[in-house]
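A short worksheet on the structure shown next.
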Amino acid sequence: MHFRRLGDTEYYRGLERKLIRFAEPLFSKLVKDINDFAPDAVVNLGDIIEHVNVQTDTKNLEKISSVLKQINAPLFSCVGNHEVINLEPAKVANLLGQEKPTFSADVGGHHLVFLSPSDKETDMPGGYKMKRTISDADLLWLKNDLKNNRLPTIVFTHFGLAKDDLAGNHWFGSDLYRAEGFLENEDAVKDVLHESKNLLCVFNGHHHWTKTVMENGIPYHTVGSLIEDTTGKGVPDGVWFKVEICGGKLDISEQHVVL
């Protein structure tokens, strides 16, 4: 969602892509749409704020958390990269009402796994650092969690995991920025995931477009951003997924919030 402050916006490569001024009304409308759907669970894939500084990011997370509490269903959140530029993952998880950034839960006969980056900072081109690594401890936890699980499994993460050159992506399509689109240790994470015989699919955000990539017979679904202007017409995409599971098969319906 990339909430920062009402009326805000952001340009990148000369285009107004993040329509941040629509974040709050979009989110309020999304909560209503979700409650009308009455799901068994709701998943936030991260980047619900646009970073500013420690004090402002904390305040904005508290504000959005109060809106999230209006959802009439269990809510689970992954931590995105913008939340952890100024804050630690554990604090973000706490502000969102969770004990840990990386965890799992069983809902409706399915095992849901939520992966979030650790405190480790990776040096990026351009001289800045980014938290985009699943810790060794969390990898070991993931291996044991999946080993002890017998339910059909869905994995959620903010960063991308599937092999994709991101050609044509506004944010990560160039050689310089492609690495920013993925976890630093994506292969190590997938090595663990692919050992599971129960994995149905993986969902991620971050790329600001909506796309599915198949890898090792597993669908990796990328969900776009609510506030992204994908058409250049000054209208936010408002995309979210309605997922229904029947007989072990996922029926994924792409939805768009309309203001």
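Numbers here simply count residues along the sequence, with the first being 1. Predicted, not measured: the structure shown is a model, and the values here were computed from it.
Considering all non-hydrogen atoms of both residues, G109 and P152 come closest at O-CD, 3.5 Å. The heavy-atom pair separating V84 from P117 by the smallest distance is CG2-CG, 4.5 Å. Across all their heavy atoms, V42 and P39 have their closest contact at CG2-CG, 3.7 Å. Considering every non-hydrogen atom in both D237 and S225, the closest pair reads CB-O, 3.7 Å. Between G224 and T210, the closest heavy-atom pair is N-OG1, 3.0 Å. Residues F22 and G234 come closest through the heavy atom pair CE1-O, 3.9 Å.
How far CD1 of I34 is from CD of Q255: 10.5 Å, rounded to the nearest 0.5 Å. One finds the CG atom of L115 at 7.5 Å from the CG atom of L183 (value rounded to the nearest 0.5 Å). D138 contributes atom CG, which lies 7.5 Å from atom OG of S118 (distance to the nearest 0.5 angstrom). A distance of 10.0 Å separates CG of N149 from CG of L199, quoted to the nearest 0.5 Å. Atoms CD1 and CG, on I85 and D57 in that order, are 8.0 Å from each other to the nearest 0.5 Å. Remark: W141 CH2 to S135 OG distance equals 10.5 Å, nearest 0.5 Å.
Both V192 and F159 belong to a single network of hydrophobic side chains, linked directly or stepwise wherever heavy atoms of I, L, V, M, F, W or Y lie under 4.5 Å apart. Cluster membership check: V239 does not share its hydrophobic cluster with F3, using side-chain heavy-atom separations under 4.5 Å among Ile, Leu, Val, Met, Phe, Trp and Tyr. Criterion: ILVMFWY side-chain heavy atoms under 4.5 Å apart, direct or through other members. Under it, I49 and V52 are not part of a common hydrophobic cluster. Cluster annotation: V67 and I71 are assigned to the same hydrophobic cluster (Ile/Leu/Val/Met/Phe/Trp/Tyr, side-chain heavy-atom contacts under 4.5 Å, transitive). At a threshold of 4.5 Å between side-chain heavy atoms, the hydrophobic network of Ile, Leu, Val, Met, Phe, Trp and Tyr places V257 and F27 in one connected group.
Using cut-offs of 30° and 60° on the angle between ring planes, the pair F203 and F156 is parallel. Ring-plane geometry between F114 and F76 is classed as parallel, the angle between the planes falling under 30 degrees on a 0 to 90 degree scale with a further cut at 60.
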Starting from the C-alpha separation in whole Å, work towards a yes-or-no answer on salt bridge (charged side-chain N to carboxylate O under 4.0 Å, His left out) for K249 and E244. CA-CA 8 Å; K249 295 184 178 180; E244 298 180 274; over 6 Å; no

How far apart are the C-alpha atoms of H208 and H170, what are their side-chain angles, what is the distance that settles it, and do they pass the ring pair (Phe, Tyr, Trp, His ring centres under 6.0 Å) test? CA-CA 8 Å; H208 286 243; H170 181 78; 9.2 Å; no

Decide yes or no on salt bridge (charged side-chain N to carboxylate O under 4.0 Å, His left out) for E195 and K147, but give the supporting numbers first. CA-CA 9 Å; E195 289 178 3; K147 181 179 179 180; over 6 Å; no

Quick one: do V107 and H110 satisfy side-chain contact (heavy atoms from CB on, under 4.5 Å)? Show the steps, please. CA-CA 5 Å; V107 178; H110 291 80; 5.9 Å; no

Pair N185-T133, side-chain hydrogen bond (donor to acceptor under 3.5 Å, both in side chains): steps then yes or no: CA-CA 6 Å; N185 55 342; T133 303; 4.7 Å; no

Could you give me the CA-CA distance, side-chain angles and deciding distance for F241 and H221, then say whether side-chain contact (heavy atoms from CB on, under 4.5 Å) is met? CA-CA 10 Å; F241 281 179; H221 303 291; 4.2 Å; yes

List the steps and the verdict of side-chain contact (heavy atoms from CB on, under 4.5 Å) for F103 and S116. CA-CA 9 Å; F103 62 101; S116 293; over 6 Å; no

Criterion side-chain contact (heavy atoms from CB on, under 4.5 Å) on Q70 and K32, from CA distance to verdict: CA-CA 9 Å; Q70 298 173 24; K32 182 181 182 303; over 6 Å; no

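We find that K18 and D229 are not joined by a salt bridge, their nearest charged nitrogen and carboxylate oxygen being 4.0 Å or further apart.
M124 is not listed as a side-chain neighbour of Y177, based on a closest heavy-atom distance of 4.5 Å or more. Proximity of H206 to F172: side-chain heavy atoms (C-beta onward) are separated by under 4.5 Å at one or more points. Residues K120 and E184 have side chains in contact (heavy-atom distance under 4.5 Å, counting atoms from C-beta outward). A heavy-atom distance below 4.5 Å is not found between the side chains of S28 and V31. Between E228 and L19 there is no side-chain heavy-atom pair separated by less than 4.5 Å. At least one side-chain heavy atom of L30 sits less than 4.5 Å from a side-chain heavy atom of W240. At least one side-chain heavy atom of D106 sits under 4.5 Å from a side-chain heavy atom of L151. Using a 4.5 Å heavy-atom cutoff, the side chains of L166 and W209 are in contact.
Side-chain atoms of H158 and D47 form a donor-acceptor pair, as typed in the model, at a separation below 3.5 Å. No side-chain donor from either of N86 and N53 sits under 3.5 Å from a side-chain acceptor of the other. For the residue pair N204 / T222, a side-chain donor-acceptor distance below 3.5 Å is found, with atom types taken as modelled. Under the 3.5 Å distance criterion, with hydrogens and angles disregarded, no donor-acceptor pair is assigned to the side chains of T56 and N60. No donor-acceptor contact under 3.5 angstrom links the side chains of H51 and N81, judged on distance only.
In this structure K163 satisfies the side chain to side chain contact (heavy atoms under 4.5 Å, CB included) test together with E186, D187, K190, E215, sequence neighbours excluded. Qualifying side chain to side chain contact (heavy atoms under 4.5 Å, CB included) partners for E121, counting only residues two or more places apart in sequence or in other chains: K129, K131.
Distance alone, capped at 3.5 Å, places no donor-acceptor pair between the R4 side chain and the E50 backbone. Side chain of N148 to backbone of N144: a donor-acceptor contact under 3.5 angstrom is found. E83 places a side-chain N or O within donor-acceptor distance of the main-chain N or O of G80, the cut-off being under 3.5 Å.
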For residues 89-100, which side-chain donor-acceptor pairs fall under 3.5 Å, sequence neighbours excluded?
from, atom 1, to, atom 2, distance (Å)
K91, NZ, T58, OG1, 3.4
Q98, OE1, S77, N, 2.6
Q98, NE2, S77, O, 3.2

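Within 6.0 Å of CG in D40 there are 12 or fewer heavy atoms belonging to other residues, nucleotides or ligands. Crowding of K242 atom NZ: a count of heavy atoms from other residues, nucleotides or ligands under 6.0 Å exceeding 12. Crowding of D165 atom CG: a count of heavy atoms from other residues, nucleotides or ligands under 6.0 Å exceeding 12.
Between F182 and H207, the distance separating the two ring centers is shorter than 6.0 angstrom.
With I154 as the fixed residue, the side chain to side chain contact (heavy atoms under 4.5 Å, CB included) test singles out one of V113, I245, V243, N198: I245.
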